[in-house]
Amino acid sequence: TTWSPRTECLGRGTVGEKSVVLAPTCGAQLSFSFPSAARAPARHKTASRLFAFKSVRGAKMRDMFPTFEFPSSHGRGGGDDEYDDAASDWHLCHEDRYRPPIVDPGPWPAVTKAPRWAPDRSPESLLGTLGAPEPPTLDWDARLTDCVAAPTCRRHYLPSFTTREVDYDRARRSWGELDDFALLIRATLVAKPKPKVASPAAAKVVKSAWKLETSIFAPRRREADCRGFWHSNKFMKRLLSGDWTRLSALPRFENLMKRFGGAAAERALLGGLEKMYRKLLSAFDYYCIVTELDPMDMAMGSWLEFCTDLNLRGEAPGQVSDQTLQGIFVQVNVEVGQARELAQANDNNSLMRFEFIEAIVRLLGAAYGLETKDRPAGDDGAAAAERAAEDFSARLAALPADARDDPDDYRRERLYTEACCDAFSRHKKFWQEIHRIMSAIAMDAGRPAFNMDRWLEFTELTGMRTSETTLTEAVKAYVVSRTRFLDDTVFKFELLDFVSFLEAIARLVEMTPVPSKAALTELGVDQVSEFYERVAALKEAVDGDEDRRRLSRLLAEDADQALSEKLELMLPYMLQNLTISTNGAYRTKNTSLPVNFLSVDQRVRWTQQTLIARPAFAAPALKTVASALGRLGTPKEGARPG
């Protein structure tokens, strides 16, 4: 309810309008006017004139406007107990003194029956009822406390408006008998439009404070020869330069370059090797791993397989026979002319990195006819060497995908991320301690050495060497996680530093089937070890194809699962296995590292005692898991001993 701001002084000859507006909070105030004092006869006193306007049943008016039921002008209505359609309620007011308040009807309340108008009432009693209280002293637009909350009308229409002035003579003769007053009001409720949502401001990208230089991988910069997190092109040139320097010191290699055409051919050949050197090292690592000998060097079988994959092994034109290939392998293994330290580190039955490069050079000479004793005048062999290097580089694309993978790509795209760093950092202290203690078991001249034996022991203790993760995959994770060294005869060439140790764990996890988080949620667990226990129970209770399909679905790998998610699931699993297999502490001759990553309930279920004992693998639950899924068992038979 609001009061109009207008406050004209009403008197003879002035016009004072009254307004009634539904839901005044919506837009412009559509109003209608009541007859004013200007049109009243002069003989009538202003204070004694009455005006009636029809009431909407259920609407609330202030008590200054009493409501009465009047019979219809057509003679119908007037029941005592209930209303009929012909009867109407009317509000009475002094037309020249007050403006009717604006009323917001809101939800229709229970209808209250108005008292019937009595024509024989005395004027004094009627005027007493129509007393004129003083208007509220609130601001004109202040909301009164007795307002009723109502739906908001967006628009109002007053299509027709008719009035009849009061017949004052008749009213004087018969007090209170008023003519009909017709007021037609139509209010249309328009659906509330959807609020206009301002275009959201561009979300502020909160830059992470994580930096690789301060992460758990930071020690790599000072531990690696490249003094960085990956091998730059400049460092790769230094590696090739070191290998070429070793080759140039050999008398047999000097004679080979002369048969190729001399210095010009050597420069062309070196330039071609420089372009594909990174690919050659990836291939060298791959074919070293498949051998049964030292996985750091290439054996004869691996060399022949490498040539086969390049389609250079055979008797066809452009191919090289097995006899020639075997001769190349034997020839580059001859240690005549090598330094004593190099000869001591060099195995006569396998190829070191610089010997592999020499074998590539000799293979180019045999496959592309670069060796010529009687070379025409003016032919320095440079053009032929350049064409041979380009064709050989193109052939490298035919190698298996694993042989073409650059370890630095894996580090950039998958490993060196904030999420992977967080996964390892949850137990950073423990990873550092286990690496330090295991490195001290078999020191090399007093220097810590985390070698292949320690790595295979670690994979056994953590339950990661199973039928799903083979020995070859464990060896591959070890080999490719190491960084490149300028001198591959130094003691640390075959060792894993701390960051390489973390990388090897990540690569091994990538090679291991990992259940998805959705599968864990379906079984109501949050740990892989608990998941495998539940799956083992389901496998024992399999009854029909539907159960088998469910097991297959639960064990299916998620091809899009991020490395960080796999680490979050598998690292706790590895630590739990380590707790069980080490009896709660990893012990050496000189030290003991506590290992306890099982809950009290898991100890009870998996070890049957408070302390974690090594025979925990014999516990019924874990034994079932090991036999069904090969996850928590001992190393498989025939595995390479640690």
Side-chain angles (χ1 to χ4, degrees), residues 197-236 278 282 405-436 450 458 462 464 477-478 480-484 496-521 525-531 557-576 578 597:
V197 180
S199 57
K204 295 183 179 179
V205 179
V206 180
K207 189 175 181 180
S208 174
W210 182 83
K211 292 183 179 180
L212 182 58
E213 293 77 9
T214 57
S215 67
I216 196 173
F217 308 110
R220 169 148 285 180
R221 298 184 70 180
R222 64 175 182 271
E223 293 173 347
D225 279 5
C226 61
R227 292 297 181 265
F229 295 103
W230 34 73
H231 308 104
S232 62
N233 292 332
K234 182 178 180 180
F235 179 75
M236 299 302 285
R278 190 184 293 270
S282 297
D405 286 344
D406 186 356
D408 284 341
D409 292 340
Y410 177 84
R411 293 163 185 149
R412 285 192 187 94
E413 299 170 4
R414 298 183 64 80
L415 180 61
Y416 291 163
T417 64
E418 182 177 3
C420 291
C421 176
D422 291 342
F424 279 115
S425 296
R426 290 186 180 94
H427 302 290
K428 177 180 179 181
K429 182 71 173 178
F430 179 81
W431 296 122
Q432 291 174 335
E433 286 299 304
I434 193 67
H435 178 267
R436 181 185 65 82
F450 193 99
F458 176 80
T462 54
M464 294 299 289
Y478 181 94
V480 299
S481 298
R482 300 171 303 117
T483 56
R484 309 286 182 189
L496 285 182
D497 55 41
F498 174 65
V499 178
S500 299
F501 169 65
L502 298 181
E503 181 176 340
I505 294 176
R507 288 182 180 273
L508 192 61
V509 168
E510 287 263 65
M511 301 174 189
T512 303
V514 179
S516 64
K517 288 187 175 181
L520 269 68
T521 302
V525 297
D526 57 0
Q527 293 183 354
V528 173
S529 54
E530 299 280 358
F531 171 80
E557 290 187 82
D558 183 2
D560 299 328
Q561 193 172 20
L563 173 60
S564 58
E565 293 183 3
K566 293 183 178 181
L567 291 175
E568 289 177 4
L569 295 173
M570 294 303 293
L571 290 181
Y573 164 79
M574 294 172 65
L575 294 176
Q576 288 175 336
L578 188 61
F597 294 95

Exercise. Is the closest side-chain heavy-atom distance between Leu567 and Ser564 below 4.5 Å?
Worked result: no
For this session: May I ask you to test the Pro407-Arg484 pair for a side-chain heavy-atom distance under 4.5 Å?
Result: yes
Exercise. For Thr214, which residues count as a side chain to side chain donor-acceptor pair (under 3.5 Å) partner, sequence neighbours excluded?
Worked result: none
Problem set entry | Side chains of Tyr573 and Thr512 in contact at under 4.5 Å (non-hydrogen atoms) | no
Seminar exercise, completed: Correct closest heavy-atom pair for Ala224 and Gly228 would be CB-O, 4.3 Å
Exercise. How many angstroms lie between CG in Leu575 and OG1 in Thr462, if you round to the nearest 0.5 Å?
Worked result: 8.5 Å
Exercise. Once the angle between the rings of Phe498 and Phe501 is folded into 0 to 90°, is it parallel (under 30°), tilted (30 to 60°) or perpendicular (over 60°)?
Worked result: tilted
Expected list for residues 418-431: side-chain donor-acceptor pairs under 3.5 angstrom, two or more places apart:
residue, atom, partner, partner atom, Å
Glu418, OE1, Ser208, OG, 2.9
Glu418, OE2, Ser208, OG, 3.2
Ser425, OG, Cys421, O, 2.6

Exercise. Should Val499 and Thr483 count as side-chain neighbours, where that means a heavy-atom distance under 4.5 Å?
Worked result: no
Exercise. What pairs of residues pass the salt bridge (charged side-chain N to carboxylate O under 4.0 Å, His left out) test when at least one of them lies in residues 501-521, not counting sequence neighbours?
Worked result: Arg220-Glu503, Arg411-Glu503, Arg414-Glu510, Glu503-Arg507, Glu510-Lys566, Lys517-Glu568
Exercise. Is the side chain of Ser282 donor-acceptor paired with the backbone N or O of Asp405 at a distance under 3.5 Å, no angle test?
Worked result: yes
Exercise. Between CD of Glu413 and CG of Asp408, what distance do you get to the nearest 0.5 Å?
Worked result: 10.5 Å
Problem set entry | Residue pair Phe450 / Asp497, side-chain heavy-atom distance below 4.5 Å | no
Problem set entry | Interatomic spacing from CZ in Phe597 to OG in Ser529 - rounded to 0.5 Å | 13.0 Å
Problem set entry | Counterpart residues, side chain to side chain contact (heavy atoms under 4.5 Å, CB included), relative to Ala218 (two or more places apart) | none
Problem set entry | Point-to-point distance, once rounded to the nearest 0.5 Å, from CD1 of Ile434 to CG of Leu578 | 5.5 Å
Problem set entry | Qualifying salt bridge (charged side-chain N to carboxylate O under 4.0 Å, His left out) pairs, either residue in residues 221-236, two or more places apart | Asp225-Lys492
For this session: Hey, could you give me the CZ/OH distance between Phe229 and Tyr416, rounded to the nearest 0.5 Å?
Result: 7.0 Å
Seminar exercise, completed: When every non-hydrogen atom of Tyr410 is compared with those of Leu563, the smallest separation belongs to OH-CD2, 3.4 Å
Exercise. What pairs with Glu557 under salt bridge (Lys or Arg N to Asp or Glu O under 4.0 Å), at least two apart in sequence or on another chain?
Worked result: none
For this session: May I ask you to test the Glu530-Leu520 pair for a side-chain heavy-atom distance under 4.5 Å?
Result: no
Problem set entry | N/O donor-acceptor pair under 3.5 Å between Asp406 side chain and Asp409 backbone | no
Exercise. Okay, side chain of His435, backbone of Leu502: is any donor-acceptor separation there less than 3.5 Å?
Worked result: no
For this session: State, to 0.1 Å, how close Ser215 and Pro219 come at their nearest heavy-atom pair, and which atoms those are.
Result: O-CD, 4.4 Å
Exercise. Do the side chains of Leu569 and Gln561 get nearer than 4.5 Å, heavy atoms only?
Worked result: yes
